[in-house]
Amino acid sequence: MSRFLSHLKQHPYWLAAILPVLIMLGYYIGCHVYPFGNSSLLTVDLGQQYIDFYSYFRQTILGHPNQFLYSFNKALGGDMLGVFAYYLMSPFNFILLFFPKSMLDTGIVALTLLKYGSAGLTMCYYLKKRGLTGWWLPALSISYALSGWMLANQLNIMWLDAVIFLPLVCAALDSIDHHPLRYSLLLALTLIVNYYMGYMICLFLIGYFGFTLIRDWISVKHGFKRIGQFIWSSLLGGALSAWLLLPTFFQLTQSKGTYTVTKVHWKFEYQPLKILSKFITGSFNFDQMPSGYPNIFVGSVALILAILYFTNKHFSWQERLFSLLWSGFLTISMMFEPLDLLWHGMQFPVWYPYRFSFVVTFWLIMLAGRQLTRMDDGIAIWQLVLLLVVIIGICGYVLVNLDSFGFLTPTQLVITGSAMMLTLIFLSVNSDQSHITPLILFFLVFAEMTLNVVFTLNQLSYVSHSDYHTYTESLRAAAAKIPSSDQDFYRVGKTVLRTKNDAMQIGYNGTDQFNSMFEPAVPAFYGKIGQPAGDGFVAYTSGTLISDALLDIKYWISPRTDGDPLLQHAFLPTVASRPDLNLYTKRGQTSNLTLHQNPYALGIGFVASQNILKTRLFSDAPLANQEMMLNALTGQKAYSVLFSNVALSAPKTKGVSAAKATTGTTYTKKPIAKTATVTYTFKATTNDPYYLTLGSSFTDNLVSLTLNGEAVPIYDTFRDTVVLNVTPKQLNQTQKLTFTLNKSSAWFKDVALYRLDQAAATAEINQLAANPLVVTHHNAHSLSGTVNVRENNQLLMTTIPKAKGWTVTVDGKVVKPKTTVGLFMAVKLAKGQHKVQFTYWPPMLNLGLLISGIAALLAGLISVMSYRPGRHSYHHRATRKP
């Protein structure tokens, strides 16, 4: 055993990399994560967003490189370079190429394990460069790789790269005197891999550089020289990454940047002492995701050693003072709003607060490692007393306020308190730093961090492998029914939805999207046509005959009506009722889904009246907006009313009380009522589609709705008036619309019923269909075709979202497109036949490429000039034994 342990001790890199992987793999096996059971790692955003982006990544690398620039399955179309920069630039993603598209959730397990191991490895590299040896290397490396931040953000898998690269960048900064280019290159790589977390690392590096400046102080002259090296090397690193940063910065100004906070509140965001709760094992649960405290758990050993560092007289008082000030700054940043905003780029995080706290875990472990390099004198009595006071203070405060911390239990507090006391005992008893102390504390770290994994990750629930796999493959099979002979441009809609990025998962032009890098004009338009939308998402769940046609939704996928209902809904969550799909042509079906073809789809572009340039859409009038658009596009001289109001009966209520107001009625559930319902009735006198509008007050599952006892799905999140299809099956019979209150009260705002004049609407749609853009070529970022304009004062109307970056040519000449209804591109055309081409190239990409190219040449020149022939051979001769 002694020889075995000695052998392990001599290979700290292997231990640092493999042990986090083994701990996590053991946990995954115990939790039956596929292929060890039917669970997965898919939870929250990883299951609802990122996994679809990873499927898109595979498609891009394996055959569609143009998707790196732009995508038509980002809702109706949008820039993708910024999306790649935020979500998909990690070099670790290439491991996903070794997994089939149907097993992507298994690939994510491998990807996650690889990142845990890499975090331990890079931290071990840093600590070894700083002089640490023996069992302390894997001990502190495990503390870093399995820190509270890593586990809490396991689902934000693209952020984990920052934890991996931070030790490498800091190690390079330590040696900037001799290898400045190494620092520049690593900084550039960090920014390229994830600019968002890279920004936080850049802020941290300012403080870390100040620490190294004092730690390695030689003279004033040397200090100024080092400052100069830091500045120009950092600028060089930024310039090397400019090819991605500049176009991404531009996209930020068009998407996330539009939500930047301009008014700052000078306040603490929570009572400061509450941060002590985060030093307890497993201090995390689901409620900590949307709003919680910083995740800074690093284990008892690392925390106690970091505290001891400030009492170690072997380090200069200047160094320890700076470290104390920087530690104070980091601490205040995790609770003081202006500094919190600074670390997050002047935007409050939507969920996952204090994302930058990974730098705090690094800082604590770095201080712990530095303390271990100079523990020659052991622990003095006064230090022991100080640590006892700290331990009692932390555990005592948490114990007294345990009821305030829903993520903690007495068991967790006992585990942490015991680990802290054991750490203190072994550090003080073995004051000579004998070989047994590091080994014992290594096993203590191993045990405590393993328990941290269990307590932390047990707080979350996950999508099952079968639910993900079955839904995805069913949708893929249905999309495969689209005729391969149809080479035209078209979009696909569906009444089922697992995620709003299903189109990216499967690889077709869809209508939905959930994306932090999302242009606000798209959700704004969706809201105005009655579709669920928010700052970062859209879901086309309840289209009409008109909106389907205008948006070129040529194919629709919906559950089979002749199959087993229980089987269908077990894994096919239905988000819309579309009885009007019966008006479309059935083109194929699988065992679970049916494919319909929309004969009224107008294509990506068509000739229309210039009246559309004057059309302005209203808020909370979705059907009127659709009516106005169709009238304007066809150039109707006399306004054609397409949606007529249908009278609803006075509501019949059960178990509710009513409070009427001019803006609607509020119904409140009576205390003794088991169910609370509000029922309207109407009669359908034609076979036309019927649509119900509901105001934004009905969001968040406020009510459930049925039509004659059959469920009418209401999407759970929206901020505008939405449209639902309530076309009944029977004519001239009383139809019942029953709302069941799911919460204590509901404000019935903008509840109205409309009938679409199908004949009039299809006549106008067919008028537009007579002059389509005949697409001759299209890919992810370009589209070209021919169009015949038969009258004057017309234009080519497209449903391509207008954005800077598009170049439009007509007959080989560049033209400036117009914007219609606040979103789409349109091109004025003279009478006659024309060739039109649309090409997208990200703004500022050329400038970024130029800057990065110059920076690369400069880096190469510096490398050549600093190379000294014979230097390595001289060193070899000088160190060779005689």
Side-chain angles (χ1 to χ4, degrees), residues 493 495 523-534 538-551 575-580 616-631 641-651 660-667 678-684 686 688-708 710-728 735-742 746-758 761 821:
T495 63
F525 173 77
Y526 269 58
K528 289 177 180 177
I529 63 168
Q531 304 305 307
V538 293
Y540 189 84
T541 62
S542 302
T544 69
L545 200 70
I546 293 175
S547 61
D548 285 359
L550 293 179
L551 297 179
V575 292
S577 174
R578 288 296 302 267
D580 56 352
R616 300 291 180 269
L617 304 184
F618 301 112
S619 298
D620 297 326
L623 296 179
N625 287 335
Q626 294 184 34
E627 184 178 273
M628 284 192 301
M629 284 192 291
L630 192 54
N631 271 271
V641 176
L642 302 175
F643 291 99
S644 56
N645 185 261
V646 177
L648 288 170
S649 68
K660 294 184 179 181
T662 56
T663 56
T665 303
T666 297
Y667 294 98
V678 179
T679 301
Y680 297 89
T681 60
F682 70 95
K683 282 191 177 181
T686 73
D688 292 330
Y690 284 73
Y691 299 101
L692 181 73
T693 63
L694 299 179
S696 58
S697 60
F698 286 90
T699 191
D700 298 327
N701 296 309
L702 184 74
V703 299
S704 299
L705 175 64
T706 61
L707 173 62
N708 301 325
E710 295 186 10
V712 178
I714 303 174
Y715 194 75
D716 57 359
T717 308
F718 51 91
R719 63 185 182 189
D720 306 277
T721 298
V722 294
V723 174
L724 304 179
N725 192 311
V726 291
T727 305
Q735 316 293 331
K736 289 186 177 181
L737 286 169
T738 301
F739 293 86
T740 300
L741 274 65
N742 296 328
W747 177 27
F748 276 51
K749 174 178 179 259
D750 295 335
V751 178
L753 182 66
Y754 297 88
R755 176 184 65 83
L756 172 66
D757 187 336
Q758 180 183 335
V821 295

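In this structure, the side chains of T666 and K749 stay at 4.5 Å or more apart for every pair of heavy atoms. Side-chain atoms of L551 and I529, non-hydrogen and from C-beta on, do get closer than 4.5 Å to each other. Within the 4.5 Å cutoff, no side-chain heavy atoms of P689 are placed close to those of R755.
Here the shortest heavy-atom pairing between P523 and V538 reads CA-CG1, 3.5 Å. Contact record, M628 with R616: CE-O, 3.6 Å, taken as the closest heavy-atom pair. Shown here for Y667 and P651, the closest heavy-atom pair between the two residues is OH-CG, 3.3 Å. In this structure, A761 and L756 approach most closely via the heavy-atom pair CB-CD1, 4.0 Å. For T693 against P622, the heavy-atom pair with the smallest separation is CG2-CG, 4.4 Å. In plain terms, the two heavy atoms of L617 and M629 that are nearest each other are CD2-CG, 3.9 Å.
Within a 6.0 Å radius of NZ in K736, no more than 12 heavy atoms belonging to other residues, nucleotides or ligands are found.
Atoms CG and CD, on L642 and E627 in that order, are 4.5 Å from each other to the nearest 0.5 Å. For the atom pair CG (L737) and OG1 (T679), the distance works out to 8.5 Å, reported to the nearest 0.5 Å. Of the inter-residue distances, the one linking E710 atom CD with L705 atom CG reads 12.0 Å to the nearest 0.5 angstrom. A distance of 9.5 Å separates CG in L623 from CG in L692, rounded to the nearest 0.5 Å. Once rounded to the nearest 0.5 Å, the distance linking OH of Y540 with OH of Y715 reads 15.5 Å. Taken to the nearest 0.5 Å, the CZ atom of F682 stands 5.5 Å off from the CG atom of L707.
No side-chain donor-acceptor contact under 3.5 Å links Y691 to the backbone of S542. Judged by distance alone, the side chain of T706 and the main-chain N or O of N708 form no donor-acceptor pair under 3.5 Å. Listed for the Q626 side chain is no donor-acceptor partner under 3.5 Å among the backbone atoms of I546. A donor-acceptor pair is defined here as one N or O able to donate and one able to accept, closer than 3.5 Å; such a pair exists between the side chain of N725 and the backbone of T727. Put simply, the side chain of T699 never gets that close to the backbone of S696: no donor and acceptor are under 3.5 Å apart. Remark: the backbone N or O of Q531 is not paired with any side-chain donor or acceptor of T541 at under 3.5 angstrom.
The pair D620-R719 fails the salt-bridge criterion, with no side-chain N (NZ, NE, NH1 or NH2) lying under 4.0 Å from an Asp/Glu carboxylate O.
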Is there a side chain to side chain contact (heavy atoms under 4.5 Å, CB included) between F643 and V723 once you walk through the steps?
CA-CA 12 Å; F643 291 99; V723 174; over 6 Å; no
Could you walk me through whether L724 and I714 pass side chain to side chain contact (heavy atoms under 4.5 Å, CB included), step by step?
CA-CA 8 Å; L724 304 179; I714 303 174; 3.8 Å; yes
Dump the intermediate steps for side chain to side chain contact (heavy atoms under 4.5 Å, CB included) on Q735 and T681, then the final yes or no.
CA-CA 5 Å; Q735 316 293 331; T681 60; over 6 Å; no
For side chain to side chain contact (heavy atoms under 4.5 Å, CB included), just list the numbers for L694 and F739, CA-CA rounded to whole Å, side-chain angles, deciding distance to a tenth of an Å, and then say yes or no.
CA-CA 11 Å; L694 299 179; F739 293 86; 3.8 Å; yes
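For Y690 and Y754, the distance between ring centers is not under 6.0 angstrom. The aromatic ring centres of F718 and F698 sit 6.0 Å or more apart.
Each of V712, L741, N742, T738 was scored for a side-chain contact (heavy atoms from CB on, under 4.5 Å) with S704, with one residue passing: N742.
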